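Please read all numbers here as calculations on a predicted model, not as lab measurements.
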Amino acid sequence: MTDTALVELKNLEKEFAGTKALKGVSLSFLAGEVHGLLGENGAGKSTLIKILTGVYSPSAGEILLEGAPVRVSSPPEARRLGLGAVYQDAELVSSFTVGQNILLGNEPGRFGVSDRAIHDEATAILADMGIDLDARRMASTLSAAEMQLVTLATLFHRRYKLIVLDEPTARLSAAESEVLFRIIERFKKQGIAIVYISHRLKEVQEICDRATILRGGMVSGTLNRGEVTEDRVTELMVDRNRSELSIYNDGSRARPEVLLEVTELATANLSPLSFTIRVGEVLGITGPVGGGMEDVARALGGVVRHAGKASLRGKAIDVRTPIAARRSGVALIPEDRRKQALFPALSVAENICLPVLNRLERFLTIRPGAIRKYSDDVMGQLAVRPRNAALQVRFFSGGNQQKVVIGKWMSAGASLYIIVEPTNGVDVGAIKEIYDIILRLAQDGAAVLLVSSSLRETLALADRVMVIHDGKCVAEAPKTHWTYDELLAVTLSGKSKTAA
């Protein structure tokens, strides 16, 4: 690491529809440095890196690259300048091989593209990075973790100056994480700056030279390696002006009857976990992204292979597949509504009615009038705006799209609602409305399993809170037993507190 500022951000601001996501952020990333970026959900991390990689343009401020002002107007321009990123949902061209993806746009061959040369060079790159993958393997067969490593190989080949790693170990095993850390060391020796975004404090302490904490769209502080402690990071992350939550759920709504019982639920990323949820209860599960909490939702929704048993009202249910889970009374409302829960080119009415088409048919024919009435009733209950059921769902805001996803399963009459990151990408105005809808589901007698990386959201909605860290439940207690600071500390460290 040198003292030379490879990239310098000066007074960056970003405003969305009157709301400031960044409020004068100034910081620098040094050549050969691993720089941690920490902060609560909504602190400004995502906005900052999207400006840095050309997805957004800043409303004010400037970016200096090696001392000279630059305009990062688009992702291709960012790549031309040597600014790259590996996001959690790394995607490759599925119909290409690993080697073709790594060398895409930089294929070797003097007289046209040489398939053999591509795969020979890709094999050498993978070996150089310590990644044990066949360059001729089809990208469509890769796991999420393998896709992320191949994306890193792509950046390694193109010789970027700065690379953003967004929760890079979220989908990696311990062995794969060690490969990643070795790759990061290689990048450092080449003078590449690494911006490392993570909720895992231990990783930040282990590999970051410095760490900057964002809070409310501003820099709260920058710490050197030895200064990154649980207490100091917690202090800098918590906004004392907002530390008192608006409590939507006081934790007293649940009834005595157990609705869901889960025994020894386990996946490749989740140690055996047993728990119950009572009628009318919201169980909030939180923890670091990729730490295992997501697998609880995926397993009970039938999306991933798992061991263990589940029962509703004392009766064993089948959750081996999504169809089986739905037939058993389980509704999974996933995080990525656009890819996993909606058909963007279909109308709102068509999306809402998909789970109940059998109710709306007569003489084997779907009645348009029944679809209109049914969808209009759901839109009215959830205040979906604009009130136009014929409009394609892709034209609605994130908040209204989320209402559509919740609405189609609410009217399908599930007993258990699994809701993952319910306000991800939702505008501020719609958040309270979605919270009200979630609590209404519980009030009407369902059980709600809320999986959220937002601690404020979890404390606002849950009757009981469980923290999952590195695949294990490290703490569980009624919401009334938690303070925000205690929950943040357990989430960062993976160590239970006596209060929990």
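Remark: the backbone N or O of S26 is not paired with any side-chain donor or acceptor of K10 at under 3.5 angstrom. Put simply, the side chain of D166 never gets that close to the backbone of V86: no donor and acceptor are under 3.5 Å apart. Between the side chain of T123 and the main chain of A135, no donor-acceptor pair closer than 3.5 Å is present. Listed for the Q401 side chain is a donor-acceptor partner under 3.5 Å among the backbone atoms of V393. Not one N or O on the side chain of R298 forms a donor-acceptor pair closer than 3.5 Å with the backbone of G302. One N or O on the side chain of N388 and one on the backbone of A390 form a donor-acceptor pair closer than 3.5 Å.
Pairs of residues two or more places apart, or lying in two chains, that qualify as side chain to side chain donor-acceptor pair (under 3.5 Å) and include a residue from residues 75-85 are E77-R80. Here side chain to side chain donor-acceptor pair (under 3.5 Å) pairs that include residues 177-187, with residues two or more places apart or in two chains, are D128-R186.
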Side chain to side chain donor-acceptor pair (under 3.5 Å), that's the test. Do E350 and S347 meet it? Break it down for me. CA-CA 5 Å; E350 290 166 324; S347 69; 3.2 Å; yes
Practice prompt. Would you check, one step at a time, whether the test side chain to side chain contact (heavy atoms under 4.5 Å, CB included) holds for L52 with V7?
Written response: CA-CA 9 Å; L52 195 55; V7 174; 3.9 Å; yes
key: side chain to side chain donor-acceptor pair (under 3.5 Å) evaluation trace for T491 with H469   = CA-CA 7 Å; T491 303; H469 198 288; over 6 Å; no
For E230 and K495, what are the C-alpha separation, side-chain angles and deciding distance, and is it a salt bridge (Lys or Arg N to Asp or Glu O under 4.0 Å)?
-> CA-CA 11 Å; E230 180 184 315; K495 299 174 184 175; 5.6 Å; no
Self-check item: Test log, rule side chain to side chain contact (heavy atoms under 4.5 Å, CB included), inputs V195 and L165
Solution: CA-CA 6 Å; V195 180; L165 301 179; over 6 Å; no
request  = Could you go through the side chain to side chain contact (heavy atoms under 4.5 Å, CB included) check for I192 and L6 one step at a time?
outcome  = CA-CA 9 Å; I192 297 171; L6 179 71; over 6 Å; no
| Where do V164 and I197 land on the side chain to side chain contact (heavy atoms under 4.5 Å, CB included) test, with the steps shown first? | CA-CA 8 Å; V164 178; I197 300 173; 4.1 Å; yes
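A salt bridge does not link R71 with E62: every distance from a Lys NZ or Arg NE/NH1/NH2 to an Asp or Glu carboxylate oxygen is 4.0 Å or more. For E167 and R200, the salt-bridge test fails: no basic side-chain N is under 4.0 Å from an acidic carboxylate O. Classification of E13 and K20 as a salt-bridged pair holds, one side-chain N sitting under 4.0 Å from a carboxylate O. In summary, R232 and E227 do not engage in a salt bridge, as defined by a charged side-chain N under 4.0 Å from a carboxylate O. Classification of D115 and R136 as a salt-bridged pair holds, one side-chain N sitting under 4.0 Å from a carboxylate O.
Partner V404 forms a side-chain contact (heavy atoms from CB on, under 4.5 Å) with one of L382, V348, V378 and no other, that one being V348.
In the model, H199 has no side-chain atom that pairs as donor or acceptor with a side-chain atom of S453 under 3.5 Å. Judged purely by distance below 3.5 Å, without hydrogens or angles, the side chains of T222 and T212 pair a donor atom with an acceptor atom. Side-chain contact, T169 with E203: a donor N or O sits under 3.5 Å from an acceptor N or O. A donor-acceptor pair shorter than 3.5 Å can be found between the side chains of S452 and E457.
Here NZ of K188 is found 8.5 Å from CD of E33. Values are rounded to the nearest 0.5 Å. The distance from the OG atom of S454 to the CD atom of E421 is 7.5 Å, given to the nearest 0.5 Å. Rounding to the nearest 0.5 angstrom, the gap separating the CG atom in D295 from the CZ atom in R305 is 13.5 Å. Taking CG of D134 as the start and CG of L142 as the end, the distance is 10.0 Å to the nearest 0.5 Å. Between the CD1 atom in I49 and the CG atom in L162 there is a gap of 10.5 Å [rounded to 0.5 Å]. Summarising the geometry, atom CG belonging to L12 is positioned 5.5 Å from atom CD1 belonging to I63; distances are rounded to the nearest 0.5 Å.
Under the side-chain contact (heavy atoms from CB on, under 4.5 Å) criterion, F96 pairs with V93, Q100, N101, L104, not counting sequence neighbours.
In this structure, Y417 and L450 have side chains that are not in contact, with every pair of non-hydrogen atoms separated by 4.5 Å or more. Under the 4.5 Å side-chain criterion, counting only non-hydrogen atoms from C-beta, V34 is not in contact with R210. With contacts defined as side-chain heavy-atom distances shorter than 4.5 Å, the pair L459/Y484 qualifies.
For the residue pair V405 and A341, the shortest heavy atom distance occurs at CG1-CB, 3.8 Å. For the pair L22 and G44, the tightest heavy-atom approach, listed with the atom from each and the gap, is CD2-O, 3.6 Å. Taking both residues in full, the closest heavy atoms of S198 and V204 are given as CB-CG2, 4.3 Å, listed atom of the first, atom of the second, then distance.
Taking the six-membered ring for Trp and thresholds of 30 and 60 degrees, F29 and H35 have ring planes more than 60 degrees apart, a perpendicular arrangement.
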